[in-house]
Each structure stands twice: as structure tokens, then as C-alpha cells.
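Here is the structure we will look at.
The sequence lines fix the lettering, A, B, ..., with proteins before strands; numbering per chain opens at 1.
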Number of protein chains: 2
Amino acid sequence: MGMNEARAKVFKALGHPSRLTIVDELAQGTRCVCELTALVGADISTVSKHLTVLKSAGIVSDERRGSNVYYTLRMACVSGFMDCVDRHLKSQATAQVAHFEAVPA
Amino acid sequence: MGMNEARAKVFKALGHPSRLTIVDELAQGTRCVCELTALVGADISTVSKHLTVLKSAGIVSDERRGSNVYYTLRMACVSGFMDCVDRHLKSQATAQVAHFEAVPA
DNA sequence: TTGATATTTGGTCGAATAGCCAAATACCCC
DNA sequence: GGGGTATTTGGCTATTCGACCAAATATCAA
């Protein structure tokens with residue numbers, strides 16, 4: 001797999017609202033599938049597949065403990081980039097407002 | 001658009017090898033569509049559509065000068081995260097090798 | 001205006017994604 | 001082993017994506 005293909009796989013894995021919700025939660029600590037399912041609010045099989053995507057991109061790891069499977073965030077720097085994206089989105093929103101306000105009524 | 005939907009749009013836009021190639025190049029400076037097309041090696045209409053995706057995610061901006069359109073990277077922190085992803089991919093590769101080597105011949 | 005170059009847009013088609021349900025698997029407790 | 005809970009996997013459908021080609025648009029120069 002080429003350099004950019006490997007990178008793209010990571011970004012692609014992060015490119016879904018439910019998966020970002022999961023990553024945000026895992027940034028707080030390890031969680032089991034049932035907890036994440038309750039959080040996301042989709043079918044458990046859907047959440048399981050989202051977790052498979054994150055895992056195969058190397059963003060999370062899983063570990064079975066008894067009848068539960070726990071997932072852990074492995075790419076801590078994701079949170080840092082998330083902050084960067086948020087700042088950017090906010091500044092865009094501001095620019096957008098400024099643009100509208102610049103149009104005479 | 002919800003918080004995580006907006007974020008996801010950014011990640012999704014970055015989740016394609018050709019678009020990462022473009023972003024890497026634009027990190028070096030502004031480029032016209034023709035330069036990026038040569039770099040990516042796909043049909044110019046395909047590259048144009050990739051640029052539309054990046055632009056609508058707010059990652060790049062465009063500006064026409066004469067008959068050319070120039071694109072500029074607007075989300076500088078992408079490069080920082082790219083480094084983080086690369087470090088992660090490298091450490092995974094190392095772990096993978098270690099895992100194989102741990103298996104007796 | 002005509003012709004040439006640069007870029008975007010519309011159309012089509014095959015591949016990939018995301019969701020749900022149902023079935024399979026894993027583990028625990030009895 | 002059998003039943004119950006947790007999770008994954010397979011199958012199906014609808015939607016989205018990505019690539020190309022062809023046509024439209026924009027700019028420039030003659």
C-alpha cells in the first residue's frame with residue numbers, strides 16, 4: 001500500500017460522524033461496545049462495523065474481557081487535530097457571517 | 001450540520017490518496033489546476049472534482065488569474081496531523097514486523 | 001468573431017459504503 | 001449441555017463515490 005493510500009485509510013476511517021463520536025468518547029477512556037452503542041444510537045451491528053473500520057486503520061485496538069469487548073484509542077494525536085479542525089470550522093463560520101453582514105440590506 | 005458532521009466532512013475530504021497528494025503539494029505553495037493534474041496523473045475533470053471536494057470542506061481556496069485557477073492550502077495544521085499519522089503508521093509497521101519475528105520459524 | 005487553452009459541469013457506470021435484520025460465534029452461569 | 005447476554009459476520013438494499021468522456025464556460029490572443 002502506497003504512502004498516501006495508508007494515510008488516506010486513516011482519514012477515511014475518521015470521515016464519519018458516528019466514528020468521530022466514538023473516537024471522542026474513547027479519548028476519555030476505554031469503553032465496551034455496549035457503551036458505545038448506547039452513545040451512537042444505531043444498531044449494535046452497525047456500531048460493530050464502525051469499530052472494525054477504526055481498528056483496521058489502526059486508530060483503536062480491542063480486547064475481550066469476559067463477555068464484553070473493550071476498545072481503546074491508540075492514536076492520541078487525533079484529538080489534537082480535532083481541535084485544529086474545530087478552530088478552522090469556527091473561523092469559517094465567522095467569515096461566513098462577516099460575508100453576509102457585508103451585503104447591504 | 002451537527003458538530004461531528006462538519007468535522008467528518010473535513011476528514012472525509014482528506015480520505016483519498018489523490019486529494020492527499022494535492023494537499024501535500026499545496027503545503028509547498030499555491031498551484032494551478034494544470035500543475036496538480038500533472039502531479040496526480042488523472043483526468044483533469046477528475047482532479048477538478050477532487051479540488052471541489054477540498055474546497056467545499058474549507059481545506060483549500062481558489063483564485064482565478066488569467067486563464068488559470070490557482071489553489072491554496074487554507075488548513076495549515078493538516079500537515080502537522082499528517083506527521084502524526086505517519087509516525088503512527090511507522091510504529092504500526094514496526095510492531096507488525098516484531099510480531100512476525102516473534103513467530104518461531 | 002474565431003480559435004486555442006484552461007477549467008468546470010453533467011451524464012453514465014461500476015465499486016464502495018452504511019444501514020438494518022438475521023444468523024453465527026463467544027463467553028458466562030446454571 | 002442449555003439458556004442468556006455481548007459481539008461479529010453475512011446478506012440485502014439504497015445511497016454515495018470516483019473515474020472517464022463529452023459538453024459547457026472562461027479567458028486570451030489574433
Below 4.0 angstrom from OP1 or OP2 of [N], is there any side-chain N or O of [X]?
X: B:T46; N: D:dG18; result: no
X: A:H16; N: C:dG19; result: yes
X: B:S48; N: C:dT8; result: yes
X: A:H50; N: C:dG19; result: yes

Using whole Å, what does the distance between atom [atom2] of nucleotide [N] and atom [atom1] of [X] come to?
X: B:L36; N: C:dT7; atom1: CG; atom2: C1'; value: 12 Å
X: B:E5; N: C:dA18; atom1: CD; atom2: C1'; value: 14 Å
X: A:K55; N: D:dT8; atom1: NZ; atom2: C1'; value: 10 Å
X: A:L14; N: C:dA18; atom1: CG; atom2: P; value: 12 Å
X: A:I44; N: D:dA6; atom1: CD1; atom2: P; value: 8 Å
X: A:L54; N: D:dT8; atom1: CG; atom2: P; value: 12 Å
X: B:L51; N: C:dT8; atom1: CG; atom2: P; value: 7 Å

Whether the side chain of [X] engages the backbone of [Y] through a donor-acceptor N/O pair (distance < 3.5 Å, no angle test) should be reported.
X: B:Q28; Y: B:E25; value: no
X: B:H50; Y: B:S18; value: no
X: A:S48; Y: A:I44; value: no

Discussion item. With side chain to side chain donor-acceptor pair (under 3.5 Å) as the criterion, how do B:T30 and B:T72 come out once you've worked through the C-alpha distance, each side chain's angles and the decisive distance to 0.1 Å?
Written reply: CA-CA 5 Å; B:T30 294; B:T72 303; 2.9 Å; yes
Discussion item. With nearest nucleotide decided by heavy atoms, which residue, A:E35 or B:R19, maps closer to the 5′ end of DNA chain D?
Written reply: A:E35
Discussion item. For nucleotides 10-16 of chain D, give me one character per nucleotide, 5' to 3': B if any protein heavy atom sits under 4.0 Å from the base, S if the only such contacts are to the sugar-phosphate, - if neither.
Written reply: BB-----
Worksheet item: Taking side chain as C-beta onward, heavy atoms only, is B:V60 less than 4.5 Å from B:R74?
Response: no
Item to complete: Answer yes or no: is there a side-chain heavy-atom contact under 4.5 Å between A:L26 and A:L36?
Response: yes
What pairs of donor and acceptor atoms, side-chain ones from residues 8-15 of chain B against any protein atom, are under 3.5 angstrom apart with sequence neighbours left out?
| unit_1 | atom_1 | unit_2 | atom_2 | d |
| --- | --- | --- | --- | --- |
| B:K9 | NZ | B:S56 | O | 3.3 |

Worksheet item: Tell me, which of residues 61-71 of chain A have any heavy atom that sits under 4.0 Å from an atom in DNA chain D?
Response: A:S67, A:N68, A:V69, A:Y71
Worksheet entry | Atom pair OG1/CZ of B:T21 and A:R7 - distance to nearest 0.5 Å | 8.5 Å
Fill in: hydrophobic_cluster_shared for B:Y70 and B:V40, side chain cutoff 4.5 Å
no
